[in-house]
Amino acid sequence: MEPNDVTEPAPAASDPGNSELPGGRARPKTDKSEQTRALILETAMRLFKERGYDKTTMRAIAAEAGVSVGNAYYYFESKEFLIQGFYDLMTYEHAADARARMAGHTDFADRLEIALTSWVDCAAQYHTFASQFFRTAADPNSSLSPFSNESHPARATAVELFREVLTGSDLSTKLDAELAELLPDLLWLQLMVVVLYWVFDRTPDTERTREFVRRSTPMAARVLALSRYRVFRPIVRDAKGLIQDFILPTIGRTTKS
């Protein structure tokens, strides 16, 4: 809860019959409620850019959006849970943009670079306050972490995008089947590395992040291409074991009930 809201309990929900999405997000049941939720989130993002995350309160967001404070808390349990809404919004925008850009491209390295660059472009408008988001999301025990169970819906959408990066490429039929099954999760983890670098990148237009993407994607493609040769299969099997035993178990796989 933000400092200005510490002594202000969240007002009672105006529609207690609605269920919730993970992370304190109300599940809209009508077009109107979905529009209200989207308006609150859009308003919050604008105020975060104008005033900064720390200086923006839920009361201010509600006032700017023209809704009651109770409605704002109904859709988002606290200001922090707007981060979860941000994940949802960014994931949807990124997936749609990346799919459009990848159309007609079959080279795996090209498709991967397009998908990662698309994220950087879609996130550009939020860069000024991204580091404030990161402070909350970086806590491994937080439900707002991108690795948490509560973040599974947005993460699943992103992983599916990276599955399409692979399946639409010329590399898809050349990989070991088990490695191909694990790869979308690993590519999502590569995106998380890009995101972390991007958060702290202060170069104009985050050019260092873009250069990191340009240089790392051909390298990843070459490593994966080599994995299909017999001489590398023992190494591939060992790598798969490490991934399955130590990396994937740290990622929340489902939504908590």
Side-chain angles (χ1 to χ4, degrees), residues 22-23 84 87 90-91 94-95 98-99 102 105-120 134 137-200 209 211-257:
Q84 200 67 262
Y87 290 164
M90 269 296 303
T91 301
H94 171 223
R99 287 185 179 110
M102 287 191 298
H105 294 269
T106 58
D107 181 78
F108 174 77
D110 287 348
R111 289 174 68 85
L112 180 57
E113 180 178 341
I114 288 168
L116 295 175
T117 301
S118 169
W119 188 93
V120 177
F134 181 76
D139 181 355
N141 296 316
S142 171
S143 63
L144 304 180
S145 165
F147 296 90
S148 71
N149 280 315
E150 289 82 359
S151 295
H152 175 73
R155 186 172 59 250
T157 299
V159 169
E160 182 57 31
L161 170 65
F162 286 110
R163 192 177 307 280
E164 293 176 26
V165 169
L166 175 61
T167 57
S169 77
D170 52 8
L171 190 61
S172 61
T173 60
K174 301 174 183 178
L175 293 181
D176 173 273
E178 291 184 48
L179 179 59
E181 182 60 28
L182 296 176
L183 192 56
D185 283 294
L186 296 181
L187 296 178
W188 177 79
L189 288 172
Q190 183 178 356
L191 173 62
M192 291 300 97
V193 173
V194 171
V195 171
L196 178 60
Y197 196 93
W198 173 85
V199 164
F200 296 103
T209 302
E211 181 64 18
F212 175 75
V213 169
R214 282 192 289 268
R215 293 174 60 177
S216 64
T217 47
M219 185 184 306
R222 285 196 295 270
V223 170
L224 289 170
L226 288 173
S227 71
R228 71 181 190 267
Y229 294 110
R230 186 180 299 275
V231 67
F232 291 106
R233 286 180 183 172
I235 299 175
V236 172
R237 285 197 296 270
D238 289 343
K240 287 191 297 187
L242 285 171
I243 293 164
Q244 290 172 321
D245 294 341
F246 294 98
I247 297 178
L248 296 185
T250 66
I251 303 174
R253 307 299 296 176
T254 58
T255 302
K256 290 180 178 178
S257 57

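Of the possible polar contacts, none joining the Tyr197 side chain to the Val213 backbone as a donor-acceptor pair under 3.5 Å is found. Between the side chain of His94 and the backbone N or O of Val120 there is no donor-acceptor pair closer than 3.5 Å. The backbone N or O of Glu164 lies less than 3.5 Å from no partner atom in the side chain of Arg99, so there is not a single donor-acceptor pair. For the pair Thr117 (side chain) and Ile114 (backbone), a donor-acceptor distance under 3.5 Å is absent. The closest donor-acceptor contact from the side chain of Thr167 to the backbone of Arg163 lies under 3.5 Å.
In this structure, CG on Asp110 lies 4.0 Å from CG on Asp107, to the nearest 0.5 angstrom. Atom-to-atom distance recorded for Ser216:OG and Leu112:CG is 7.0 Å, nearest 0.5 angstrom. Thr209 contributes atom OG1, which lies 11.0 Å from atom CG of Leu116 (distance to the nearest 0.5 angstrom). To the nearest 0.5 angstrom, Asp176 atom CG is 11.0 Å from Glu181 atom CD. Here the straight-line distance linking atom CG of Leu189 with atom CG of Leu182 works out to 11.0 Å at 0.5 Å rounding.
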Q) Yes or no on side chain to side chain contact (heavy atoms under 4.5 Å, CB included) for Thr217 and Gln190, after CA distance, side-chain angles and deciding distance? A) CA-CA 10 Å; Thr217 47; Gln190 183 178 356; 4.3 Å; yes
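Contact between Ala98 and Ser118 at its shortest, heavy atoms only, is N-OG, 3.4 Å. Contact between Ala180 and Leu166 at its shortest, heavy atoms only, is O-CD2, 3.7 Å.
Using a cut-off of 4.0 Å between Lys/Arg side-chain N and Asp/Glu carboxylate O, Glu113 and Arg215 are scored as not salt-bridged.
Between Thr91 and Leu161, every side-chain heavy-atom pair lies at or beyond the 4.5 Å cut-off. Taking 4.5 Å as the limit, every side-chain heavy atom of Trp198 sits out of range of all side-chain heavy atoms of Phe212. When side chains are defined from C-beta on, Leu191 counts as touching Phe162, because their heavy atoms get closer than 4.5 Å. In this structure the side chain of Tyr87 reaches within 4.5 angstrom of the side chain of Gln84, judged on heavy atoms. Contact annotation: the side chain of Val159 approaches that of Pro184 to within less than 4.5 Å [non-hydrogen atoms, C-beta and beyond].
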May I have the list of side-chain donor-acceptor pairs in residues 220-228 shorter than 3.5 Å, sequence neighbours left out?
residue, atom, partner, partner atom, Å
Ser227, OG, Leu224, O, 2.5
Arg228, NH1, Ala225, O, 3.1

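Evaluated for a side chain to side chain contact (heavy atoms under 4.5 Å, CB included) with Glu150, the options Ser142, Ser145, Ser143 yield exactly one hit, Ser143.
Under the 30°/60° scheme for interplanar angles, the aromatic rings of Trp188 and Phe147 are found to stand perpendicular.
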